[in-house]
Amino acid sequence: MYRPTILWADDEIDILRPHILFLQNKGYDVETVDNGSDAVRLAKEKHFDIVFLDEQMPGISGVEALEMIKRDFPNLPIVMITKSEEERIMEDAIGSNIADYLIKPVNPNQILLSLKRILDNQKLSNEKSTSKYQQEFRQIGIDINNNPDFAQWCLIYKNLVRWELELEKSSDQSIKEILASQKNEANTLFTRFIERNYVDWIQGRSNSKPTMSHTLVRDKVLPLIDSNDKPVFFIMIDNLRYDQWKAIQPLIEKYFHVVTDDIYCSILPTSTQYARNSIFAGLMPSDIRERFPQYWIDEEDEGTKNQFEEQLLGEQLRRFGKNIKYSYNKVLNVASGKKLLEQMSNLMNYKLNVIVYNFVDMLSHARTEMEIIRELASDEEAYRSLMLSWFEHSSLFDMMKFIAEKGADMVVSTDHGSVWVKNPIKILGDREVNTNLRYKYGRSLKYNPKEVFEIRDPETIFLPRINVSTSYVFAGDSDFFAYPNNYNYYVGYYRNTFQHGGISMSEMLIPAIHLTSK
């Protein structure tokens, strides 16, 4: 078993022999010196997990030794021990980035507590998280298999995301695999849940219909406009998953209070053309196509499929009698983000400001197409980390800080999430079949009905019917569609990429967060 090593420098080290024996009996190896010069020398010659430095030693003082050791080993934890409680000495030591500060006389348990806090804190925290998840594992399994309704599925998903985030720093790979397996089981049953309930929701035959894409603005944004004297900012981060929201939440909470941490349900297909147009129109896709044909572009047509979101938003506001000044802003690259940041003060003149930020969607596509991004976002944890790193240094975060400074309310949401696909399922179709890997529509699709959620009549879920024989099929769980032609290459290229368009918790159960400025 590994024994942590301690370097202890004190000009009265002989008096501390009982303390050293105590630590050795507790599983630590302790090497001692009686002056600062030897402490600096030994720190360079040998590996130590932690250093104890007496502040008042002849020759090189503890503070001077601290600075010299930190110059070579900036991450080595150092505990300063002193007889003095003078504020100047404490400030000198703390300013040099010490791990702890103890006042003499110290007792063995005080030393042990400091060691546990510094060296074992992460390990103990991980062990505690692992133990707590093991205790909850059975209950989560019961919840998953207990025929949950939509609200209960949201709680289950939130719980699984919480454990993903808590266990991501753990070195226990087996417990992570168990959690991943339980999440896969949940996704399988969630897919069956959607297959049983989705049509009833869309047809209005269910009293438990959740907030969905076409009711998001009505349910989550318009009430704030009515109850707020200041501008409301509706920030739509394209393809933002709930776990990614939880990753960036601690940064945002420095400036905002989270009023509601809600989950709403994306419509199918969980893709930008359908879900986001539906959000801004307040209508289902086939209704948009029928009522505003000038604002709808079919998939097989040329042109950007979301170029009329501002117009659709205006139509929705007028339909609900909201005669207000509003702005619509779309950020597609770094330059447009910086430009909008410079114009934020102008947005305070509008009652509603919509900002569509496209980074996360670009990241998921880049991860598929660029090898370096594949390596940087090699799994779910790394994908979250990459998104967090971007957000922390983004113009979007700067915009949010500006909004907080002005005391405005903010709704952060998205149009859909994404899922890490692993399992190919074969499908056949003609040249006109769309290219998305998680849903297909067309006239002559051939597939195994047991492997998909099929909608033979698109009008039942208010999707456009391109011709009389158009049908839609959706992949669930972590499946993705693959053509038999050149099958091995196709599967190898797209397996373990993040895709959207189908049915999974991370695609459909997505954040709708209301925040107020601190």
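- Looking only at side-chain heavy atoms (C-beta outward), N239 and N358 stay at 4.5 Å or farther from each other.
- Counting only distance, with no hydrogens or angles, the side chain of K176 and the backbone of E168 share a donor-acceptor pair below 3.5 Å.
- Between Y439 and Y441, the two ring planes are parallel [angle under 30°; tilted spans 30° to 60°].
- Taking the six-membered ring where the residue is Trp, the centroids of Y487 and Y483 are separated by 6.0 Å or more.
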- Decide salt bridge (charged side-chain N to carboxylate O under 4.0 Å, His left out) for E166 and R162; before the verdict, give the C-alpha distance in whole Å, the side-chain angles of both, and the deciding distance to 0.1 Å. CA-CA 6 Å; E166 282 206 25; R162 176 172 71 88; 3.4 Å; yes
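- Within a 6.0 Å sphere centred on CD of E136, heavy atoms belonging to other residues, nucleotides or ligands number more than 12.
- The cationic group of K330 does not satisfy the cation-pi geometry with Y328, failing either the under 6.0 Å distance to the six-membered ring centre or the 45° limit from the ring axis.
- Looking only at distances, no side-chain donor or acceptor of N467 sits under 3.5 Å from a matching main-chain atom of R443.
- A donor-acceptor pair under 3.5 Å is formed between the side chain of Y198 and the backbone N or O of L268.
- Side chains of T304 and N306: no donor on one and acceptor on the other come within 3.5 Å.
- S336 and N333 share a side-chain donor-acceptor pair at under 3.5 Å.
- Figure legend: K426 and Y447 shown without cation-pi pairing, the cationic atom not lying both under 6.0 angstrom from the six-membered ring centre and within 45 degrees of its axis.
- Aromatic ring centres of W201 and F462 lie farther apart than the 6.0 Å criterion allows.
- Not one N or O on the side chain of R241 forms a donor-acceptor pair closer than 3.5 Å with the backbone of E507.
- Checked by atom type, the side-chain pair T5/D49 shows a donor-acceptor distance below 3.5 Å.
- Between the S389 side chain and the L386 main chain, no donor and acceptor come within less than 3.5 Å of each other.
- Side chains of D243 and W245: no donor on one and acceptor on the other come within 3.5 Å.
- E164 places no side-chain N or O within donor-acceptor distance of the main-chain N or O of A180, the cut-off being under 3.5 Å.
- Between Y383 and W420, the distance separating the two ring centers is not shorter than 6.0 angstrom.
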